[in-house]
Amino acid sequence: MVATPIGNLGDLSPRARETLGQVDLIAAEDTRHTRRLLRHFGIATPLVAFHEHNEREMGAALLHRLMAGEDIALVSDAGTPLISDPGYRLVRAARQAGLRVSPAPGPSALIAALSVAGLPSDRFVFEAFPPRTARQRREWLGAMAAERRTWIFYESSHRIAATLADLCEVVGEARELVVARELTKVHETLLGGAAREVLRQLEEDADQRKGEFVVLVRGAPSSTTDAASGEALRVLNILLADLPLKQAVALAARITGEKKNKLYKLALERPVSPPSP
Ligand code: SAM
């Protein structure tokens, strides 16, 4: 399983490059796309198409060749195979047949986005692409609204604005989120803040709706601490506008009666406003 760049060719690892050059065959989602990558690195390994429409037949053929002793690399158009890409049935069949399946790990848009979003990253859920129809998407958003962990999904340029508009309505305009666009590419952009604010920026600037997107949404706050934290956060925000963190926390503790370590946590986790251009 060979991960390939999500935009910047410099992200192909030396081991991925070596593996792609050494195997007998490369199974690729889109052979034209992968041929360009191989050409760039001077790799001449034969290619065969393996995608969601021929997964069953081609999977059987690849398994047959693997069992005959060939080495085969699986790549997707970008990032890590099997992550919102085909391949898991082939991996499963290969492992069940006692064949060795080994990763050459590397880029994945989801992990790249999480690493720069500044949202809680200790626990998270990945939801792949949201449903395409508005009704199903809103149902899905309704189910996600109570999720406590950071939730992450992929979205296309055609639907990013509509999905964020639905998110504002169903999950709430104030929910903090980050939209990571065109990661590792020339137009890499991170927009973060309240959902309504991010949507406004996307609606005002057509360029912000172009390219590839990962959306990361902060999990729902726990309802028991919500009311008290809300007041403490309000006081903290006022103080932080004029004071350094330590002083603001000390004063907020005296005003609200909250513990200092809780206030530090609130201060560090409060929504980050987008950096000024
Ligand atoms: N297997 C890939 C991976 O590991 O990231 C994901 C494949 S999925 C079919 C493609 C989606 O990933 C895109 O529609 C977009 O949502 C996201 N994506 C891929 N490259 C990206 C990038 N450079 N910046 C932001 N999102 C990206």
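Since we're looking at a predicted model, the values are computed, not measured. Both ligands and their constituent atoms are indexed starting at 1 by order of listing.
Arg200 has no carboxylate O lying under 4.0 Å from a charged side-chain N of Glu203, or vice versa, which leaves the two without a salt bridge.
Close contacts of ligand 1 with Glu182, meaning ligand atoms under 4.0 Å from a residue heavy atom, involve 23 (N), 24 (N), 25 (C). For ligand 1, the atoms closer than 4.0 angstrom to any heavy atom of Glu155 are 16 (O). When each atom of ligand 1 is checked for a heavy atom of Thr80 under 4.0 Å away, the hits are 1 (N), 3 (C), 4 (O).
Looking only at heavy atoms of the protein, atom 2 (C) of ligand 1 is closest to Ala78 O, 3.1 Å. The shortest contact between atom 7 (C) of ligand 1 and any protein heavy atom is with Asp85 OD2, 3.2 Å. Given atom 5 (O) of ligand 1, the protein heavy atom at minimum distance is Ala109 N, 2.8 Å. The protein heavy atom nearest to atom 3 (C) of ligand 1 is Ser108 OG, 3.4 Å.
For the pair Leu183 and ligand 1, the shortest N or O to N or O distance falls below 3.5 Å. Looking at Phe129 next to ligand 1, no N or O pair under 3.5 Å apart turns up. For the pair Arg181 and ligand 1, the shortest N or O to N or O distance does not fall below 3.5 Å. For ligand 1, the polar-atom distance check against Phe213 finds a nitrogen or oxygen pair separated by under 3.5 Å. Looking at Gly79 next to ligand 1, no N or O pair under 3.5 Å apart turns up. Close N/O approach between Leu110 and ligand 1 is not found [any backbone or side-chain N/O within under 3.5 Å]. Where the criterion is an N or O separation shorter than 3.5 Å, residue side chain and backbone included, Glu212 meets it with respect to ligand 1. For a threshold of 3.5 Å applied to N or O pairs, the pair formed by Lys185 and ligand 1 contains no separation below that value. The N/O atoms of Ser84, backbone and side chain alike, include none that comes under 3.5 Å of an N/O atom in ligand 1. Checking only distances, Ile83 does come within under 3.5 Å of ligand 1, N or O to N or O.
Between Val178 and Val116, every side-chain heavy-atom pair lies at or beyond the 4.5 Å cut-off. Residues Asp207 and His187 are not in side-chain contact: their nearest non-hydrogen atoms beyond the backbone lie 4.5 Å or more apart. Between Asp24 and Ile72 there is no side-chain heavy-atom pair separated by less than 4.5 Å. Using a 4.5 Å cut-off on side-chain heavy atoms (C-beta onward), Leu63 and Leu99 make contact.
With a 6.0 Å radius and a threshold of 12 heavy atoms from other residues, nucleotides or ligands, Glu52 has its CD atom at or below the threshold.
Heavy-atom distances between Ser156 and ligand 1 stay at or above 4.0 Å for every pair. Using a 4.0 Å heavy-atom cutoff, Val214 is listed among the residues neighbouring ligand 1.
Each of Phe153, Tyr154, Trp140 was scored for a ring pair (Phe, Tyr, Trp, His ring centres under 6.0 Å) with Phe129, with one residue passing: Tyr154.
Between Glu29 atom CD and Leu74 atom CG the span is 9.0 Å, to the nearest 0.5 Å. Taking CG of Leu177 as the reference point, atom CD1 of Ile152 lies at 12.0 Å (rounded to 0.5 Å).
A donor-acceptor contact shorter than 3.5 Å is absent between the side chain of Arg175 and the backbone of Leu167. Between the side chain of Glu212 and the backbone N or O of Glu182 there is no donor-acceptor pair closer than 3.5 Å.
Val48 and Val91 fall within a single hydrophobic cluster, where Ile, Leu, Val, Met, Phe, Trp and Tyr side chains are chained together by heavy-atom contacts under 4.5 Å.
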